[in-house]
Student: 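Take a look at this one; I'll ask things after.
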Amino acid sequence: MTKDKINKPSKELPLGFIDRQEKELLVRDFIISNIKEVMINYGFQYLETPSFEYSDSIGKFLPDKDRPDEGVFSFKDENKWLSLRYDLTAPLARYVAKNYLEISKPFKRYQLGTVWRNEKPGPGRYREFLQFDADYVGTKSLQADAELCVMISEILQKCGLEKSEYIIKISSRKITEELFKKINVIDNQQKLTALRALDKIERLGWEGVKQLLGSGRKDQSGDFTKGANLSSECIATIEKELKKKSAKTSDLLEIFKIFNNYNFSNFEFDPSIIRGLEYYTGVIFEVNLKFDVKNKKGQIIQFGSIGGGGRYDNLVNNFGNYDAPATGISIGLDRLVYALIQKKEFKVKQIRPIVICVFEKNSMKDYIKLQTILREADISAEIYPGESKLKKQMEYANKIKSPAVILYGEDEIKSGKPTLRNLSSGKEKTIEIKELVNEIKKII
RNA sequence: GCAGCAGUAGCUCAGUUGGUUAGAGCACUAGUUUGUGGAACUAGGGGUCGGUGGUUCGAAUCCACCCUGCUGUACCA
């Protein structure tokens with residue numbers, strides 16, 4: 001095929017980037033339209049911020065990140081580092097700080113946008129993906145946090161999920177904070193390592209997590225991960241405290257009350273969820289699907305959550321003296337699409353055109369006439385785009401899954417009666433032009 | 001990043017202890033049917049066997065390094 005490979009551009013995609021095809025995009029569109037409806041009902045503003053930000057605007061307040069290209073795609077422009085956004089929360093904080101005096105307080109906005117992460121992709125995880133974010137900025141009220149959970153639940157149900165197919169897991173950073181105080185862990189690095197370990201309970205189980213809290217753990221491939229080096233008494237206390245299935249912190253008790261007011265019960269207290277590490281300050285939540293998700297080979301994969309969020313009361317404050325406590329939720333739309341396509345036979349209709357076959361170039365006027373009639377009746381229709389034998393045209397129509405072809409050759413044109421061939425049944429009918437629309441509507 | 005495994009046609013793979021012109025199925029192209037697709041049959045195109053270097057009379061097969069992919073793990077703001 002290619003005799004001289006040299007100098008030909010590569011047809012491969014960069015690591016972690018993919019082409020997305022119509023079926024997936026239609027499901028995504030369906031989800032997005034549901035999101036927009038719900039967002040309007042809940043009174044959120046629609047916002048869009050640019051893909052690029054100054055690196056320090058979205059990163060400098062994050063500890064232990066001194067290089068701008070750590071995890072993000074960056075380049076230097078006129079001596080300033082620019083980065084592709086890695087989430088929609090950091091740009092929101094920047095936006096709020098920039099427009100602080102003009103915007104309402106509280107400020108509610110939602111945003112749909114592509115984000116990029118320069119890290120290793122996994123099943124259903126890419127380096128470019130679409131995120132949906134809804135945030136409340138400028139309120140400490142847990143009513144806001146509660147509404148986000150109720151709202152995401154409503155979106156998922158609109159998308160066709162049953163209540164039994166997903167759950168909102170909820171916890172609070174205050175639990176682990178108090179716990180660390182109790183067992184006297186004050187070293188920040190040790191706290192972080194311990195938090196990261198606890199975040200893995202779902203995947204590794206308590207045994208694995210305890211190893212990570214202690215000296216460390218060897219994985220399947222034999223690779224060793226260093227642990228948090230806590231004493232076995234501390235680990236025992238952590239396990240005991242976190243296995244209690246009742247929440248005691250004031251913020252959780254309050255939000256559960258609010259859930260009750262909403263008659264919302266599809267949540268579960270789970271002290272093992274940690275979510276991100278740096279900026280959450282209070283209530284945190286995670287949206288989990290309860291059915292198995294498989295990869296291309298049919299193996300069940302570790303899918304994790306499709307999104308989550310929580311309270312971050314200090315983020316906007318990093319830009320200056322703004323009192324802007326906030327709470328927000330992020331959903332990875334591509335992951336949701338990936339899961340939904342498997343779970344439901346989505347009745348997202350891929351509309352394919354009726355193909356009008358071309359017999360004579362000289363009759364093009366007649367073909368266009370038919371095409372216009374169909375298109376005016378809102379029926380997708382096309383004149384075969386090319387010059388081929390009828391057989392080729394039929395093969396084309398079949399390949400694109402066209403519901404029917406119209407055969408309008410010399411004889412038909414003379415009598416003014418095109419032939420309509422149903423491509424799934426193979427049946428043909430020669431009919432008056434004025435009946436064409438009705439006959440086709442019976443087929444599609 | 002670390003670790004394990006893998007890389008042969010567009011796709012899924014076969015290729016025996018290194019031995020002549022590297023195979024199959026699907027897909028593709030053309031024809032059997034010059035106004036008829038999805039089935040069948042016939043013929044055909046397409047691979048420097050991931051790359052580079054080495055061992056050898058001879059390498060898809062052995063060795064080294066690199067690249068890419070998969071899985072686990074770490075990081076994921």
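Chain naming here is simple, since letters A, B, ... match the order of the sequence lines and numbering starts at 1 in each.
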Student: Before accepting this row, confirm whether a basic side-chain N of the pair Asp135(A)/Lys108(A) lies closer than 4.0 Å to the acidic partner's carboxylate O.
Tutor: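 Not counted as a salt bridge, because no side-chain N and carboxylate O are separated by less than 4.0 Å.
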Student: Taking the P atom in each of rU68(B) and rG51(B), what is the distance between them to the nearest angstrom?
Tutor: 15 Å
Student: To the side chain of Glu119(A), which of rA77(B), rC76(B), rG35(B) is closest?
Tutor: rC76(B)
Student: Just to be sure I understand the rule, does Glu412(A) reach a base, reach only the sugar-phosphate, or reach nothing, if contact means heavy atoms closer than 4.0 Å?
Tutor: base
Student: Take the protein atom CD of Gln131(A) and the nucleotide atom P of rC76(B), then report the distance between them rounded to whole Å.
Tutor: 16 Å
Student: Less than 5.5 Å between centroids and less than 30° between ring planes, does Tyr279(A) satisfy that with rA77(B)?
Tutor: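 Not stacked by the 5.5 Å and 30° rule.
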Student: Using 4.0 Å as the upper bound for N to carboxylate O, is an ion pair formed by Glu178(A) and Lys181(A)?
Tutor: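 Judged by the 4.0 Å cut-off on N to carboxylate O distance, Lys181(A) and Glu178(A) do not form a salt bridge.
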Student: Between Tyr396(A) and Tyr384(A), does the ring centroid distance fall short of 6.0 Å?
Tutor: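 Tyr396(A) vs Tyr384(A): aromatic centres under 6.0 Å.
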Student: Scan every strand shown for a Watson-Crick or G-U wobble partner of rG19(B), both distances under 3.5 Å, and answer none if you come up empty.
Tutor: rC57(B)
Student: Tell me the interatomic distance from Asn118(A), atom CG, to rA77(B), atom C1', rounded to whole angstroms.
Tutor: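 The distance from CG of Asn118(A) to C1' of rA77(B) comes to 13 Å, rounded to the nearest Å.
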Student: Tell me, please, which residues at least two apart from Tyr312(A) pass ring pair (Phe, Tyr, Trp, His ring centres under 6.0 Å).
Tutor: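 Tyr312(A) satisfies ring pair (Phe, Tyr, Trp, His ring centres under 6.0 Å) with Tyr279(A) only.
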Student: Taking the side chain of Arg203(A) as its heavy atoms from C-beta onward, which of rC76(B), rG35(B), rA74(B) lies nearest to it?
Tutor: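 Within the option list, the nearest is rA74(B).
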Student: Using atom P in both nucleotides, what's the gap between rA30(B) and rA39(B) to the nearest angstrom?
Tutor: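 Their P atoms lie roughly 16 Å apart.
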Student: Scan Ile406(A) against the nucleic acid and name what it touches under 4.0 Å (heavy atoms): base, sugar-phosphate only, or nothing.
Tutor: nothing
Student: Expressed as a whole number of Å, how far does the P atom of rG54(B) sit from that of rU16(B)?
Tutor: 25 Å
Student: Please give the distance between the C1' atoms of rC63(B) and rC26(B) as a whole number of Å.
Tutor: 36 Å
Student: Please measure how far the C1' atom in rC13(B) lies from the corresponding atom in rA60(B), and state the result in whole Å.
Tutor: 14 Å
Student: Roughly how many Å is it from OH in Tyr396(A) to C1' in rG37(B), rounded to a whole number?
Tutor: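 Between C1' of rG37(B) and OH of Tyr396(A): 13 Å.
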Student: Does Lys399(A) or Glu428(A) map to a spot on RNA chain B nearer the 5' end, using the closest nucleotide for each?
Tutor: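 Residue closer to the 5' terminus by nearest nucleotide: Lys399(A).
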Student: Does rG35(B) have its OP1 or OP2 closer than 4.0 Å to a side-chain nitrogen or oxygen of Arg421(A)?
Tutor: no
Student: Report yes if at least one side-chain N or O of Lys218(A) is closer than 4.0 Å to OP1 or OP2 of rG72(B); otherwise report no.
Tutor: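 Checking Lys218(A) against rG72(B): no side-chain N or O falls below 4.0 Å of OP1 or OP2.
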Student: Under a 3.5 Å cut-off for both contacts, is rC65(B) paired Watson-Crick or G-U wobble with anything, and if yes, with which nucleotide?
Tutor: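 Result: rG51(B).
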Student: Is any side-chain nitrogen or oxygen of Arg217(A) closer than 4.0 Å to OP1 or OP2 of rA3(B)?
Tutor: no
Student: Using whole Å, what does the distance between atom P of nucleotide rG37(B) and atom CG of Leu390(A) come to?
Tutor: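 Going from Leu390(A) (CG) to rG37(B) (P), I get 8 Å.
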Student: Can a salt bridge be assigned to the pair Lys392(A) and Glu387(A) using a cut-off of 4.0 Å between side-chain N and carboxylate O?
Tutor: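 Result for this pair is no, no salt bridge flagged.
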Student: How is Leu88(A) classified with respect to the nucleic acid when contacts are heavy atoms under 4.0 Å: base, sugar-phosphate, or nothing?
Tutor: nothing
Student: rA40(B) pairs with which nucleotide, Watson-Crick or G-U wobble, both distances below 3.5 Å?
Tutor: rU32(B)
Student: Any heavy-atom pair between the side chains of Cys357(A) and Val405(A) that's under 4.5 Å?
Tutor: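 With C-beta onward as the side chain, the pair touches.
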Student: Would the base of rG37(B) count as contacting Asn398(A) through its side chain, where contact means a donor and an acceptor less than 3.5 Å apart?
Tutor: yes
Student: Whether Lys200(A) contacts rC75(B) is assessed here as follows: a side-chain N or O lying under 4.0 Å from the phosphate OP1 or OP2. Is that the case?
Tutor: yes
Student: Strictly below 4.0 Å: does Arg196(A) bring a side-chain N or O up to OP1 or OP2 of rC76(B)?
Tutor: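 Yes.
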Student: With rounding to the closest Å, how many angstrom separate the C1' atoms on rA40(B) and rU33(B)?
Tutor: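 After rounding to an integer number of Å, I get 13 Å for this pair.
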Student: Atom CG of Leu420(A) and atom P of rG37(B): how far apart are they, to the nearest Å?
Tutor: 17 Å
Student: Heavy atoms only, 4.0 Å cut-off, all strands: where does Lys120(A) land among base, sugar-phosphate and nothing?
Tutor: base
Student: Using the C1' atom in both, what is the distance from rU52(B) to rA59(B), to the nearest Å?
Tutor: 15 Å
Student: Per the atom types in the model, does the base of rU36(B) pair as donor or acceptor with the side chain of Glu395(A) at under 3.5 Å?
Tutor: no
Student: With a 3.5 Å limit on both atom pairs, tell me what rC26(B) is paired to, counting Watson-Crick and G-U wobble, or say none.
Tutor: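 Its partner is rG10(B).
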Student: Searching all strands shown, indicate the nucleotide that pairs with rA77(B) (Watson-Crick or G-U wobble; both distances under 3.5 Å).
Tutor: none
Student: Can you tell which of rG37(B), rG35(B), rA30(B) lies closest to the side chain of Thr419(A)?
Tutor: rG35(B)
Student: For the pair made of CD in Gln393(A) and C1' in rU33(B), what is the distance, rounded to whole Å?
Tutor: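 About 16 Å, once rounded to whole Å.
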Student: Between rC76(B) atom P and Tyr86(A) atom OH, what is the distance in whole Å?
Tutor: 12 Å
Student: Between rG47(B) and rA24(B), how far is it from one P atom to the other, in whole Å?
Tutor: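 Straight-line distance between the two P atoms is 15 Å.
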Student: Between the side chains of Arg311(A) and Asp313(A), is the shortest nitrogen-to-carboxylate-oxygen separation below 4.0 Å, so that they form an ion pair?
Tutor: yes
Student: Specify the separation, in whole Å, of atom OH of Tyr280(A) and atom P of rC76(B).
Tutor: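 The distance from OH of Tyr280(A) to P of rC76(B) comes to 13 Å, rounded to the nearest Å.
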Student: Out of rA77(B), rU36(B), rA74(B), which nucleotide sits closest to the side chain of Leu407(A)?
Tutor: rU36(B)
Student: Using a heavy-atom cut-off of under 4.0 Å over every strand shown, decide if Thr89(A) touches base, sugar-phosphate, or nothing.
Tutor: nothing
Student: In plain terms, say whether Glu239(A) and Lys243(A) are close enough for a salt bridge, that is, a side-chain N and a carboxylate O under 4.0 Å apart.
Tutor: yes
Student: With both distances under 3.5 angstrom, what nucleotide forms a Watson-Crick or G-U wobble pair with rG45(B)?
Tutor: none
